[in-house]
Amino acid sequence: MDDASLFRTAADTLAGEGWCVLNGLLTAAQTRALADECAALYAARRLAPARVGATHMATELRGDRTQWFDPAAPSGPQQAFLTRIDALRRALNRELMLGLVESEAHYAVYAPGARYARHLDRLRDDDARVLSAVFYLNEGWQEADGGALRLYRGDGTHRDILPHAGTLLLFLSARFEHEVLPATRDRLSIPCWMRQRSPDRAV
Ligand code: OGA
Ligand code: MN
């Protein structure tokens, strides 16, 4: 599918449902380069335990380790990712007038058994995050490996999205609570947020 149709389909589904799954944003080679880099950083213990909330307390609610992309000095694989996310962001702005001005992204690794309890991505006192985008890096993921992203819909139902390499999950940050279920193997992802200019926030 060409970019125009890929992005239009995403915009239409987002406008209707508030969330969508998009495949084909990055090539298999670009996805593998990100997976290799994330795995190497993790093996070198360069990812740090994630923190929850304004007090930055580590809790058992969240068991992943993360490393933020440095927008001033992204690696080659990260640059490729950010370029494609930016193209998507601009297309969504055109189609949906979302006013998304920037993106932030980090690597995340969940070791076997680690989870992230049900939560909303909007931070308290900060409405900058409009759209959550989670890109997955795991080749050969099986349903029996667990590790689904469970997305709770307003009607009380939920959908489970498996973290297959190349899958991008998009959802409105303010609207969908979600959780990461524990897996039986290392689970690699790039959570990313497209942000609006936030009047409440000193820039
Ligand atoms: C998050 C998150 C989901 C995932 O980092 O806020 O919900 O699948 N991550 O990595
Ligand atoms: Mn989240």
Side-chain angles (χ1 to χ4, degrees), residues 14 18-23 25-26 31 34-35 37-39 41-42 46-69 71 77-78 81-82 85 88 100 102-143 145-154 158-196:
L14 272 176
W19 70 282
C20 74
V21 167
L22 191 154
N23 281 292
L25 184 68
L26 272 76
T31 303
L34 288 159
E37 181 173 75
C38 181
L41 290 168
Y42 182 63
R46 299 269 297 281
L47 273 62
R51 298 286 184 264
V52 178
T55 55
H56 291 262
M57 295 255 295
T59 77
E60 68 282 1
L61 293 178
R62 177 167 187 192
D64 57 331
R65 300 180 72 93
T66 65
Q67 188 190 72
W68 286 96
F69 288 13
Q78 293 173 4
F81 175 79
L82 294 171
I85 282 286
L88 174 63
L100 305 168
E102 59 186 4
S103 304
E104 53 183 353
H106 65 65
Y107 282 130
V109 176
Y110 292 78
R115 54 196 288 272
Y116 192 162
R118 183 168 173 167
H119 67 280
L120 208 56
D121 282 347
R122 270 279 166 100
L123 307 174
R124 202 144 39 112
D125 304 328
D126 184 352
D127 63 359
R129 289 176 172 180
V130 172
L131 197 61
S132 300
V134 193
F135 186 67
Y136 294 106
L137 302 176
N138 309 287
E139 290 287 343
W141 197 271
Q142 307 288 322
E143 204 168 333
D145 295 329
L149 182 299
R150 179 161 288 174
L151 189 77
Y152 293 94
R153 294 191 290 200
H158 65 254
R159 282 288 301 273
D160 285 351
I161 294 96
L162 289 177
H164 290 301
T167 292
L168 181 76
L169 169 67
L170 293 166
F171 58 92
L172 294 172
S173 305
R175 194 157 126 198
F176 292 92
E177 293 190 348
H178 55 285
E179 72 177 296
V180 177
L181 302 177
T184 57
R185 50 178 275 207
D186 285 347
R187 174 191 188 278
L188 280 54
S189 64
I190 305 177
C192 173
W193 294 274
M194 300 188 198
R195 301 160 55 98
Q196 66 183 349

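One-based numbering, in listed order, for ligands and for the atoms of each. Keep in mind that the numbers below use all heavy atoms, side chains included, and drop hydrogens, waters and symmetry copies.
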Legend entry - N/O/S atom name from D121 that is nearest to the position of the Mn ion (ligand 2): OD1
Inset, instruction - Considering the heavy atoms of R187, write down every atom of ligand 1 situated less than 4.0 Å from one of them. - result: 4 (C), 8 (O), 10 (O)
Inset, instruction - Using a strict 4.0 Å threshold on nitrogen-to-oxygen distance, state whether D121 and R129 make a salt bridge. - result: no
Inset, instruction - Would you mind telling me if ligand 1 is within reach of the side chain of L169, the backbone, both or neither, using heavy atoms under 4.0 Å? - result: neither
Inset, instruction - Could you list which atoms of ligand 1 come closer than 4.0 Å to a heavy atom of D121? - result: 6 (O)
Legend entry - Inter-residue atom distance F171.CZ - E177.CD, 0.5 Å rounding: 10.5 Å
Legend entry - 4.5 Å side-chain heavy-atom contact, W19 and R159: yes
Inset, instruction - Heavy-atom contacts with V180 under 4.0 Å: which atoms of ligand 1 show up? List them by number with element. - result: 3 (C), 4 (C), 8 (O)
Legend entry - E102 bridged to R195 by N-O distance under 4.0 Å: yes
Inset, instruction - Can you sort out which atoms of ligand 1 are near L149, meaning under 4.0 Å from one of its heavy atoms? - result: 3 (C), 8 (O)
Inset, instruction - Can you sort out which atoms of ligand 1 are near V134, meaning under 4.0 Å from one of its heavy atoms? - result: 4 (C), 8 (O), 10 (O)
Inset, instruction - Measure W193 to ligand 1 on non-hydrogen atoms and call it side chain, backbone, both or neither using the 4.0 Å cut-off. - result: side chain
Inset, instruction - Could you name the option among G147, A50, P191, A108 that has the heavy atom nearest to atom 5 (O) of ligand 1? - result: P191
Inset, instruction - Might you work through the side chain to side chain contact (heavy atoms under 4.5 Å, CB included) test for Y136 and L188, ending with a clear yes or no? - result: CA-CA 6 Å; Y136 294 106; L188 280 54; over 6 Å; no
Inset, instruction - Fit a plane to each ring of W68 and H106, take the angle between them on a 0 to 90° scale, and name the class: parallel (under 30°), tilted (30 to 60°) or perpendicular (over 60°). - result: perpendicular
Legend entry - ligand 1 contact on E177 by region, counting heavy-atom pairs under 4.0 Å: neither
Legend entry - ligand 1 versus H178: contacting region, heavy-atom distance under 4.0 Å: side chain
Inset, instruction - Measure the distance from atom 10 (O) of ligand 1 to every protein heavy atom, then report the residue, atom name and distance (to 0.1 Å) of the closest one. - result: S189 OG, 2.9 Å
Inset, instruction - Tell me, please: is E179 in heavy-atom contact with ligand 1, that is, under 4.0 Å? - result: no
Inset, instruction - Please write down residue, atom name and distance for the protein heavy atom closest to atom 1 (C) of ligand 1. - result: Y116 CE1, 3.6 Å
Inset, instruction - Please check if atom CZ in R46 has more than 12 non-hydrogen atoms from other residues, nucleotides or ligands closer than 6.0 Å. - result: no
Legend entry - Close side-chain approach of L88 and L22, heavy atoms under 4.5 Å: yes
Inset, instruction - On the 0 to 90° scale, with breaks at 30° and 60°, tag the Y107-F69 ring pair as parallel, tilted or perpendicular. - result: perpendicular
Legend entry - Ring-ring centroid check F176 Y152, cutoff 6.0 Å: no
Inset, instruction - Considering the heavy atoms of Y136, write down every atom of ligand 1 situated less than 4.0 Å from one of them. - result: 4 (C), 8 (O)
